[in-house]
2 protein chains.
Amino acid sequence: MARSNKERTEATRLALIEAARRLFVEKGYAETATPDIVAEAGVTRGALYHHFEDKKALFRAVLEREGEAVAAHIEGVALEGTSPRAALLLGASAYFDAMAAPGRTRLLLLEAPAVLGLESVVAIDRENAEGTLRVGLADFLGAGANAAALKALTEMLSAAFDRAAIAIETGADRKTYEGAIADLIDGLVRA
Amino acid sequence: MARSNKERTEATRLALIEAARRLFVEKGYAETATPDIVAEAGVTRGALYHHFEDKKALFRAVLEREGEAVAAHIEGVALEGTSPRAALLLGASAYFDAMAAPGRTRLLLLEAPAVLGLESVVAIDRENAEGTLRVGLADFLGAGANAAALKALTEMLSAAFDRAAIAIETGADRKTYEGAIADLIDGLVRA
DNA sequence: ACCTTTACATACAAACTGTCTGTATGTTAA
DNA sequence: TTAACATACAGACAGTTTGTATGTAAAGGT
């Protein structure tokens with residue numbers, strides 16, 4: 001079978017990213033060795049180091065895919081025509097849906113901050129989901145809050161969502177957390 | 001100088017823990033090699049592996065010290081005689097004080113979850129700080145909320161505090177975050 | 001058809017972790 | 001006080017792991 005270089009590259013990168021994702025989720029980044037990754041992907045280490053600068057770059061590629069998937073899922077939810085409050089709650093629900101993909105919380109919320117540093121994670125994930133949340137909050141609160149306070153609230157609620165996503169993945173009842181979020185949100189309107 | 005075995009052990013363990021803490025804070029757990037740690041501590045790797053099962057156990061010892069310091073700081077704040085609301089806000093402020101120790105947010109909030117797993121971290125840190133928060137919230141909310149909802153709120157607020165602590169360490173204005181926390185808390189009373 | 005570039009495969013060097021063995025010092029008891 | 005033992009190390013060693021360097025075959029341009 002004669003494949004073009006572009007096809008080969010695409011196929012190899014994808015195989016590596018998916019194999020790495022499986023192993024990073026299963027054993028964590030530090031415990032996953034590159035020989036294991038390439039064996040799972042059906043290639044050699046030469047291919048890995050040809051396409052990625054190092055192991056961390058491969059992890060970053062996995063993370064970027066994950067962040068894009070989350071962003072796409074959230075973008076896909078229709079919020080137009082709903083009240084600001086409903087938009088926030090729908091957004092939260094969509095976020096939980098997005099984070100329900102197996103292993104996603106481990107990758108994005110546990111491994112990534114330690115491996116890539118908080119800044120890179122902020123760039124990948126928060127820039128997306130947190131941006132949406134900030135706009136939603138601004139809409140909901142009206143012109144009442146200044147920029148700094150809005151940023152602080154956004155960050156803190158985003159962290160709360162992350163923690164809720166982890167709890168939900170580990171078996172907690174989703175309704176309970178969505179209710180608690182609604183309580184937090186509703187309280188904000190008179191602050 | 002003739003030192004007793006107990007003294008030697010105590011001194012060596014402390015030197016290792018303090019050296020490891022410095023390096024873990026500076027370069028992160030994964031990037032810190034045991035030869036560097038023992039050099040910084042002025043001992044050999046033989047001593048390290050005599051006192052600790054492995055590198056992870058040394059990290060755990062660092063973390064436990066850190067968690068104890070946070071708990072001690074929070075316990076040291078007098079909350080008796082204050083209103084439930086004031087108790088919560090004072091507790092939050094005390095938490096920020098405690099987390100202001102250099103490197104503490106990195107160790108407890110970024111490295112620990114990835115290195116030890118979320119469960120171990122919950123056991124070390126949350127069991128302490130989160131327990132206090134849960135009681136404070138229960139006091140504040142009265143008999144209004146059920147146990148599951150209280151647990152969810154506690155976890156989410158705890159995560160919000162953590163994120164605020166990180167923001168504060170990276171230069172954000174503390175007053176802004178304390179104000180945002182007050183807003184979140186105050187909103188909860190009518191939910 | 002030729003030459004260059006890309007996509008790998010394999011061999012290699014350096015670093016790191018945990019273990020094992022040996023030694024010196026402290027501890028206990030006859 | 002000395003014989004027997006336990007503890008606290010030091011240093012050597014083996015197995016992995018990471019990133020690099022070198023070699024090769026297939027694709028792509030001219």
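Here is the naming used below: chain letters follow the sequence lines, and residue numbers restart at 1 for every chain.
Across the protein-nucleic acid pair, A:K6 atom NZ and D:dG29 atom C1' stand 14 Å apart, rounded to whole Å. As a whole-Å value, the separation of A:R8 CZ from D:dG28 C1' is 13 Å. Following rounding to the nearest Å, A:R3 (CZ) and D:dA26 (C1') show an atom-to-atom distance of 12 Å. One interatomic measurement links the two molecules: CG of A:N5 to P of D:dA25, which rounds to 16 Å at whole-angstrom precision. Rounded to whole Å, the distance from OH on A:Y49 to P on D:dG19 is 4 Å.
Phosphate contact (OP1/OP2 of C:dC8, side-chain N/O of A:T12, threshold under 4.0 Å): present.
A salt bridge does not link A:E64 with A:R13: none of the charged nitrogens is closer than 4.0 Å to a carboxylate oxygen. The pair A:D97-A:R174 meets the salt-bridge criterion, with a side-chain N (NZ, NE, NH1 or NH2) lying under 4.0 Å from an Asp/Glu carboxylate O.
Within residues 50-66 of chain B, the residues that place at least one heavy atom under 4.0 Å from DNA chain C are, in residue-number order, B:D54, B:K55. Residues from residues 16-40 of chain A lying near DNA chain C, meaning a heavy-atom separation below 4.0 Å, are absent.
In this structure, A:R104 contributes its side chain and A:A98 its backbone to a donor-acceptor pair below 3.5 Å. When atom types are taken as modelled, the side chain of A:T154 and the backbone of A:L150 share a donor-acceptor pair closer than 3.5 angstrom. A donor-acceptor pair under 3.5 Å is formed between the side chain of B:E7 and the backbone N or O of B:S4.
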Pairing of DNA chain C as dot-bracket, 5' to 3': ( ) intra-strand, [ ] crossing, | other strand, . unpaired, with Watson-Crick or G-U pairs under 3.5 Å? ||||||||||||||||||||||||||||||
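One hydrophobic cluster holds both B:Y29 and A:L116 under the rule that ILVMFWY side chains link at heavy-atom gaps under 4.5 Å.
Each of B:L133, B:L157, B:V135 was compared with B:L88 under the side-chain contact (heavy atoms from CB on, under 4.5 Å) criterion, and only B:L133 meets it.
For the pair A:E111/A:F59, a side-chain contact is recorded, criterion being any heavy-atom separation below 4.5 Å from C-beta on. Between A:K27 and A:D36 there is a side-chain heavy-atom pair separated by less than 4.5 Å.
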Is there any protein nitrogen or oxygen under 3.5 Å from a nitrogen or oxygen in nucleotides 10-14 of chain D, and what are the pairs?
| from | atom 1 | to | atom 2 | distance (Å) |
| --- | --- | --- | --- | --- |
| D:dA10 | OP2 | B:T44 | N | 3.1 |
| D:dA10 | OP2 | B:T44 | OG1 | 2.3 |
| D:dA10 | O5' | B:T44 | OG1 | 3.3 |

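Side-chain contacts under 4.5 Å among hydrophobic residues (ILVMFWY), followed directly or transitively, place A:L90 together with A:V77, A:L79.
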If you apply the rule side chain to side chain contact (heavy atoms under 4.5 Å, CB included), what do you find for B:E178 with B:L89, and how did you get there? CA-CA 8 Å; B:E178 290 190 346; B:L89 298 183; over 6 Å; no
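Taking B:F52 as the reference, nothing meets the ring pair (Phe, Tyr, Trp, His ring centres under 6.0 Å) condition, with sequence neighbours excluded.
For A:K151, the NZ atom sits in a loose shell: 12 or fewer heavy atoms of surrounding residues, nucleotides or ligands are nearer than 6.0 Å.
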